[in-house]
Amino acid sequence: MPELPEVETIARGVHERVRGDRIQQVWFGSHSEPFRTPPMEQARGLEGQFLLGVQRIGKHIVCDLGPVRNTVAAKEVPGADLAVTPTAQWIVHLGMTGRLLVTTPDAPVAAHTHARLTLASGRELRFVDPRRFGRLEYRNLQSQPAFKGPGADPLTIGQEEFAALFRRRKLAIKAALLNQTLLAGVGNIYADESLFHAGIRPRRAAGGLSRAELERLRLALCKILRHAIQLGGSSVSDYVDATGVRGFFQLEHRVYMRTGEPCLECGTAIKRILLAGRGTHFCPTCQH
């Protein structure tokens with residue numbers, strides 16, 4: 001499943017390419033699974049809207065929609081004079097295998113394409129998802145609240161707030177990191193990698209970590225996530241960015257999917273255990 005760096009990479013790529021563009025026409029596929037909002041309702045809401053900006057919230061890609069005050073200026077200078085407050089949102093969750101791509105109308109349509117948004121610029125915004133665990137939602141902000149993530153953002157959370165998340169929690173720290181109501185966006189890859197860089201074993205009780213260990217973990221998590229964003233995310237399965245390009249952070253993994261291989265720090269074989277139903281990788285020497 002795409003995690004925070006992959007979703008951030010896609011959101012930034014889509015934002016750079018479609019901000020200020022207008023949605024002229026919408027096509028949705030016949031499968032019902034991707035639609036959190038009925039497709040006809042989504043199509044009515046999306047057509048004619050301007051894309052004011054695209055952002056990541058947790059593991060979701062949120063397209064802010066609304067009118068443009070000066071359509072002439074917006075046409076001459078993409079993104080110019082956009083309305084400050086969006087009036088609607090299109091929310092994309094990639095699920096396990098989802099992709100959000102900016103392409104041209106003549107590009108081959110991939111199998112399992114569930115949405116095609118034709119833009120005034122001549123480009124298309126497409127949602128592709130073979131396993132159909134992704135979700136598409138439309139919100140009219142005049143009658144519905146704006147989308148908010150379920151938990152804190154690990155890129156911006158402060159020291160005190162981070163420590164408070166895990167206070168008196170008996171569950172393993174790896175499981176706590178995966179809890180989206182605590183931290184929105186962290187998944188299996190970056191939980192394993194950040195725990196390795198912080199020197200903390202994944203089975204340790206979250207509430208038993210010292211303040212110094214928690215701060216070490218917060219800093220490691222933020223550093224790993226930002227570095228992964230710089231490298232375009234981890235392409236260990238289906239993930240590609242908004243233009244179909246694979247990421248490179250998988251080349252930087254220290255423990256994830258390296259079972260039995262020597263630790264790059266000490267040479268000890270990397271171990272794999274099952275924790276909270278997820279494969280978990282760690283170095284038994286470097287992590288305590």
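The structure presented is a predicted model; accordingly, all values stated were derived computationally and were not measured.
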**Study point:** Heavy-atom donor-acceptor pair, Arg201 side chain to Pro284 backbone, under 3.5 Å
**Key:**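 Checked: pair present.
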Check your understanding: Which heavy atom of Pro67 sits nearest a heavy atom of Leu52, and at what distance?
Key ->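 The answer is O-CD2, 3.9 Å.
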Practice item. Would you check if Leu94 and His60 make a side-chain contact, meaning some heavy-atom pair closer than 4.5 Å? Key: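 Counting from C-beta outward, Leu94 and His60 never come under 4.5 Å.
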Check your understanding: Looking at side-chain heavy atoms only, is the closest gap between Leu119 and Ile23 below 4.5 Å?
Key -> yes
Point to revise | Ion pair check, Arg123 and Asp21, cut-off under 4.0 Å | key: yes
Check your understanding: Would Glu16 and Arg12 pass as an ion pair if we require N to O under 4.0 Å?
Key ->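 Salt bridge: no.
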Review point. Without hydrogens or angle criteria, can the side chains of Tyr138 and Gln144 be said to hold a donor-acceptor pair below 3.5 Å?
Key: no
Review point. Hey, what else clusters with Ile270 if you join Ile, Leu, Val, Met, Phe, Trp, Tyr whenever side-chain heavy atoms sit under 4.5 Å?
Key: Phe196, Val255
Study note, to complete from the structure: Heavy-atom nearest pair, Pro154 first then Val186, reads CG-CG2, 3.9 Å
Exercise for review: Look at Arg211 together with Glu213 and state whether they make a salt bridge at an N to O cut-off of under 4.0 Å.
Suggested key: no
Point to revise | Test item: Lys271 and Thr259 side chains (from C-beta on) under 4.5 Å apart, heavy atoms | key: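 Side-chain contact under 4.5 Å: no.
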Check your understanding: Any donor-acceptor pair under 3.5 Å linking the side chain of Gln25 with the backbone of Glu47?
Key -> no
Check your understanding: Would you say Arg169's side chain and Leu165's backbone share a donor-acceptor pair under 3.5 angstrom?
Key ->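 Yes, because the side chain of Arg169 sits within donor-acceptor range (under 3.5 Å) of the backbone of Leu165.
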Check your understanding: Would you say Arg216's side chain and Ala220's backbone share a donor-acceptor pair under 3.5 angstrom?
Key -> no
Check your understanding: If Ile, Leu, Val, Met, Phe, Trp and Tyr residues are connected whenever their side-chain heavy atoms lie under 4.5 Å apart, and connections chain through other members, are Phe28 and Leu51 in the same group?
Key -> yes
Practice item. Verify, without hydrogens or angle tests, whether Arg203 (side chain) and Ile173 (backbone) share a donor-acceptor contact under 3.5 angstrom. Key: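 Checking the backbone N and O of Ile173 against the side chain of Arg203, no donor-acceptor pair under 3.5 Å is found.
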Point to revise | Joint hydrophobic cluster, Leu65 plus Leu141, side-chain heavy atoms closer than 4.5 Å | key: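 No.
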Review point. Under 3.5 Å, is there a donor-acceptor pair between the side chain of Gln180 and the main chain of Gly185?
Key: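 Indeed, once roles are kept as given, a pair shorter than 3.5 Å links the two residues.
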Check your understanding: For Cys283, does its backbone N or O pair with a side-chain atom of Gln287 as donor and acceptor, under 3.5 Å?
Key ->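 At least one qualifying donor-acceptor pair exists.
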Review point. Can you find a heavy atom in the side chain of His93 that is under 4.5 Å from one in the side chain of Ile91?
Key: no
Review point. Do the side-chain N and O atoms of Asp129 and His114 include a donor-acceptor pair separated by under 3.5 angstrom?
Key: no
Review point. Do you know which two heavy atoms are closest between Ala111 and Val128, and how far apart they sit?
Key: O-CG1, 3.5 Å
**Study point:** Charged N-O contact under 4.0 Å between Glu41 and Arg44
**Key:** no
Review point. Has the side chain of Arg204 got a donor or acceptor atom that lies under 3.5 Å from a matching backbone atom of Ile200?
Key: no
**Study point:** Under 3.5 Å donor-acceptor, Asp192 side chain and His281 backbone
**Key:** yes
Review point. Only one of Thr9, Asp153, Ile61 clears side chain to side chain contact (heavy atoms under 4.5 Å, CB included) with Arg56; which?
Key: Asp153
Exercise for review: For Glu3, check salt bridge (Lys or Arg N to Asp or Glu O under 4.0 Å) against everything at least two apart and list the hits.
Suggested key: none
**Study point:** Flag, side chain of Arg17 to backbone of Gly13, donor-acceptor distance under 3.5 Å
**Key:** yes
**Study point:** For the student: nearest non-hydrogen atoms of Arg135 and Arg36, plus distance
**Key:** CG-NH2, 3.6 Å
Review point. Do you see a donor-acceptor pair shorter than 3.5 Å between the side chains of Gln42 and Trp90?
Key: yes
Practice item. Could you identify which residues cluster with Leu264, counting Ile, Leu, Val, Met, Phe, Trp and Tyr as linked when any side-chain heavy atoms lie under 4.5 Å apart, either directly or through a chain of such contacts? Key: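 Other cluster members: none.
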